[in-house]
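Inspection log for the structure reproduced underneath, given as C-alpha cells.
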Amino acid sequence: TGFLVSPRLLMTNNHVLPSLEEAKTALAEFNYQNSINGEMLPSLAYELDPLTLFITHKELDYSLVGVREKQGLPPLKDFGWNPLIEEQGKVIIGEYVSIIQHPNGEPKQLALRENRIIDLLENFLHYQTDTAPGSSGSPVFNDQWELVALHHSGVPKMDKQGNYLAIDGSIWTDAMGEDKLDWVANEGVRISRIIQDLKSRQDLTPVQRQLRSQLFDGSQPSLPAALNKEKKPSKNTSVIEPSSQVGSGLVTWTIPLQISVGLGTPEFDAIDRQTAIQSLPSSTALTNLPPIEDEMPAFEEDPELQADLQQLERVRRGEISYYDPAQDIQDRDRYYSDLFPQFDSLSPKQLFESFHTLLKQTHTKQLGYKPSTYLYPWVDLQPPPKLNIRSIYSQLEYNPEQIIREDRLIEQMRTSRLREIMSLESLSSLQVRERIDFLEMELPYNCEHVVPQSWFAKAQPMKGDLHHLFACESKCNSFRGNNGVAE
C-alpha cells in the first residue's frame, strides 16, 4: 500500500520500495476499490518517477518517490493527497485510529476507529488494529483524519528473554510461519519523525528541494475528483499491461493506492527552471522583486557568484588577506588619531559620546546579510595552508567554494519561493510573514547567528553583523534552531 502526500509524491515503506532500481519498475494503481454495490471499479496506473525524487530511510522504514503524470489519464492532483503535519500531539495513548489498507493485495479496505493507541515511542506508535500482509505502507489517521503514522509492521508478543511467542505460548520459530505468532499490536512510524528526517536532508538537487517544499507549503487538498464510480471495468482498464513507455519496459509489481489526497500545480518544471536561473540579493525588499518572467543570469554566469569566487581565489594566491597584524596597528592609530590627544581628559560619558560620534560618521556602509560574499571567501577562512571553512559546531572542514555555491543556490531558491508567496493575493500579512519564516527554516544558509535573530526581530544591520556570524552546515543550523547561543 502507498499514498500521495503531495500532487507528485507517494509515500510507502522502505521495505516495500527499498531502492531506486526497484522503484523504476513499479506502478502506482489508483482507484483500486469496489463500488458501493460491490462491483470492482476501473483502476488507473501511473509510473513512478524515482529519477526525479527518491528518498528512503531504512530505520524509519519509509520511502518517498515521485509519480509521473500520464497523458490521457486524469492529473494526479485530481486524486487529492494526505497533508503532512509536523506538530506532535495529534494522538495520545487511549485514542482511536483508523487505517486504509490493501491487505494481501486486495481492493481497498478500512479498519475504522475501534483501534486503540496503546503506546507512544520515540519514533513509533503501537495500536491494536486489524491488518494483514500487504498493509505495509498504509496511512494511519486520528479521529480528525489527520495523518499520524505510516503503518509498517506487527508487534509480536515476547518473553523476558526477548523470544517471540506463538499463539499456544511456546517459543515461536521460523518453521511455524507468521500466522502462528501471537501478535499483540501493530506499529506505525510517527509522521512527525519522518518530516524531521525529510527536512534535514541536504543532498537534494534544486528540483528535489522544490518538490520537498511543496510538502510543507500549507496548501489544503480539495475533495478528490469522481472517477467513474459506478462504471464497470473495461478490457482496457481492469488489467495493467507493461509497455515500452513504462520505465525500462518491465513491470514486476504494482502498488495499489487507497484514498489519497493533494494540491498544487503540475507546472513544477517551469518553477524549477526559474529556481535554477533566477537570483536576487537576499536583502532585496519584497516590494522590489522583479517580475517572475524576468530572467536573471544563469547560475554559472551569476556575476555575484563569480565575484565571490574571485575574491576567494585572490586570498588563495596571497594577493589579499583579511587580517594583517602590522596593517591593523597602522589602521587603528589612524582611525583613533583625533581622539588620542584628549583621551585622558575626557569623562567616561564624554569618551562614550566621542566614540559613538566617530562610529556614526565613519561606518556609513552597513553590510547586508550575505555570508557567501562577506563571510566564506574572506572572514571565516581557516589559516593557511588549507584555507578551508570549519563548521562552528561539528568542527568539520569544507572547501569554501562548495559552501559559497550551495548558499548561492539556496538564495536563488528562496527568491523563487518568495515570489510564489507574494503572488498569493489571498494571504493575509500574518500568513505571508509565517510563510517567509518557514521558508528561512526550510532553506537555511550554511551560516549560524550565535546571537539569535529573534533577539533583534531579524532586523538590519544586526542580522548582517559579522561579529554574530559563523560558518555552520545548514543541517546543524536548522536542527539547532534559535533556542540559545553558541557555547
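Since we're looking at a predicted model, the values are computed, not measured. Values below: every heavy atom of this structure, side chains too, minus hydrogens, waters and symmetry copies.
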Review point. What is the distance from atom CZ of F216 to atom OG of S6, rounded to the nearest 0.5 Å?
Key: 10.0 Å
Check your understanding: Is there side-chain contact between Y369 and D465, with heavy atoms separated by less than 4.5 Å?
Key -> no
Practice item. Hey, could you give me the CG/NE2 distance between L469 and H449, rounded to the nearest 0.5 Å? Key: 4.5 Å
Exercise for review: Specify the closest pair of heavy atoms between L10 and A28, including all atoms of both residues, with the distance to one decimal.
Suggested key: CD1-CB, 4.0 Å
Check your understanding: Can you name the nearest heavy-atom pair linking G66 to L9, along with the distance?
Key -> CA-CD2, 3.8 Å
Revision key, fill the gap. Residues at least two apart in sequence or cross-chain that pass side-chain contact (heavy atoms from CB on, under 4.5 Å) with F470, listed by chain then number, are D380, I392, V450
Practice item. Report the C-alpha distance between E122 and R193 in whole Å, list the side-chain angles of each, state the deciding distance to 0.1 Å, and finish with yes or no for salt bridge (Lys or Arg N to Asp or Glu O under 4.0 Å). Key: CA-CA 8 Å; E122 176 65 22; R193 299 300 183 263; 3.6 Å; yes
Check your understanding: If only atom types and distance count, is the side chain of N13 paired as donor or acceptor with the main-chain N or O of G137 below 3.5 Å?
Key -> yes
Review point. Do the rings of H15 and H152 sit parallel, tilted or perpendicular, given the 30° and 60° boundaries?
Key: tilted
Point to revise | Residues D308 and K370 bridged, charged N to O under 4.0 Å | key: no
Practice item. Could you tell me whether a side-chain N or O of S200 sits under 3.5 Å from a main-chain N or O of D197, the two making a donor and an acceptor? Key: yes
Check your understanding: Which value, rounded to the nearest 0.5 Å, describes the distance between L147 atom CG and I194 atom CD1?
Key -> 8.0 Å
Review point. What closest approach, in Å, do P341 and S337 show between heavy atoms, and which atom pair accounts for it?
Key: CD-O, 3.2 Å
Practice item. Please report the C-alpha distance between Y445 and C472 in whole Å, then the side-chain angles of each, then the deciding distance to 0.1 Å, and finally whether the side chain to side chain contact (heavy atoms under 4.5 Å, CB included) criterion is met. Key: CA-CA 8 Å; Y445 292 125; C472 164; over 6 Å; no
Practice item. First locate atom CD of Q210, then atom CZ of R8, and finally report the distance between them rounded to the nearest 0.5 Å. Key: 12.0 Å
Check your understanding: Going through the distances and angles, do Y62 and V189 end up as a side chain to side chain contact (heavy atoms under 4.5 Å, CB included)?
Key -> CA-CA 8 Å; Y62 83 88; V189 188; 5.9 Å; no
Study note, to complete from the structure: Q402 meets the side-chain hydrogen bond (donor to acceptor under 3.5 Å, both in side chains) criterion, sequence neighbours left out, with none
Check your understanding: S153 side chain to E187 main-chain N or O, any donor-acceptor pair under 3.5 Å?
Key -> no
Study note, to complete from the structure: CG (L339) and CG (L346) are apart, to the nearest 0.5 Å, by 7.5 Å
Practice item. Dump the intermediate steps for side chain to side chain contact (heavy atoms under 4.5 Å, CB included) on R201 and H57, then the final yes or no. Key: CA-CA 11 Å; R201 300 279 178 147; H57 193 292; 3.8 Å; yes
Practice item. Using atom types as modelled and distance alone, determine if a side-chain donor or acceptor of S347 lies under 3.5 Å from a backbone N or O of Q350. Key: yes
Practice item. Please lay out, stage by stage, how K90 and E146 fare under the test salt bridge (Lys or Arg N to Asp or Glu O under 4.0 Å). Key: CA-CA 8 Å; K90 295 185 286 294; E146 295 172 324; over 6 Å; no
Review point. Should Y336 and L358 be marked as a side chain to side chain contact (heavy atoms under 4.5 Å, CB included) after you check the CA-CA gap, both sets of side-chain angles, and the distance that decides it?
Key: CA-CA 9 Å; Y336 294 109; L358 178 62; 3.9 Å; yes
Exercise for review: Quick one: list whatever passes side-chain hydrogen bond (donor to acceptor under 3.5 Å, both in side chains) with Q342, sequence neighbours left out.
Suggested key: none
Practice item. Could you check if a side-chain atom of R190 sits within less than 4.5 angstrom of a side-chain atom of L125, using non-hydrogen atoms only? Key: yes
Practice item. Report yes or no: is the cationic atom of K463 (NZ for Lys, CZ for Arg) closer than 6.0 Å to the six-membered ring centre of F456, at no more than 45° off its axis? Key: no
Practice item. Considering non-hydrogen atoms only, spot the tightest contact between P18 and F54 and give its length. Key: C-CZ, 4.2 Å
Practice item. For residues V148 and I117, determine if any side-chain heavy atom of one lies less than 4.5 Å from a side-chain heavy atom of the other. Key: no
Point to revise | Heavy-atom check, side chain of L387 versus side chain of Q382, under 4.5 Å | key: no
Review point. Strictly by modelled atom types, are D49 and T52 linked by a side-chain donor-acceptor pair under 3.5 Å?
Key: yes
Check your understanding: For S136 and H151, does a side-chain donor sit closer than 3.5 Å to a side-chain acceptor?
Key -> no
Check your understanding: Strictly by modelled atom types, are Y398 and N388 linked by a side-chain donor-acceptor pair under 3.5 Å?
Key -> no
Check your understanding: Are the side chains of P371 and D407 in touch, meaning some heavy atoms are under 4.5 Å apart?
Key -> yes
Check your understanding: Any ion pair linking R390 and E397 (charged N to carboxylate O, less than 4.0 Å)?
Key -> yes
Review point. Has the side chain of Q327 got a donor or acceptor atom that lies under 3.5 Å from a matching backbone atom of Y323?
Key: no
Practice item. Nearest 0.5 Å please: distance from the CD atom of Q310 over to the CD atom of E319. Key: 11.0 Å
Practice item. For the pair Q460 (side chain) and G464 (backbone), establish whether a donor and an acceptor sit closer than 3.5 Å, ignoring hydrogens and angles. Key: yes
**Study point:** Smallest separation among heavy atoms of L375 and A471, with atom names
**Key:** CD2-N, 3.9 Å
Check your understanding: Is any side-chain heavy atom of V140 less than 4.5 Å from a side-chain heavy atom of L150?
Key -> no
Review point. Side chains of T362 and Y335: is there a donor and an acceptor less than 3.5 Å apart?
Key: yes
Revision key, fill the gap. On a heavy-atom basis, the closest approach of R316 and N399 is NH2-OD1, 3.2 Å
Check your understanding: Looking at side-chain heavy atoms only, is the closest gap between E47 and E69 below 4.5 Å?
Key -> no
Practice item. Decide, yes or no, whether a salt bridge links E411 with R408 under the criterion of side-chain N to carboxylate O below 4.0 Å. Key: yes
Check your understanding: Any Lys/Arg nitrogen of E86 or K199 sitting under 4.0 Å from an Asp/Glu carboxylate oxygen of the other?
Key -> yes
Point to revise | CG (D338) with more than 12 external heavy atoms under 6.0 Å | key: no
Point to revise | Contact check, side chains of P377 and V315, non-hydrogen atoms, under 4.5 Å | key: no
Review point. Counting heavy atoms not belonging to F352, are there more than 12 under 6.0 Å from its CZ?
Key: no
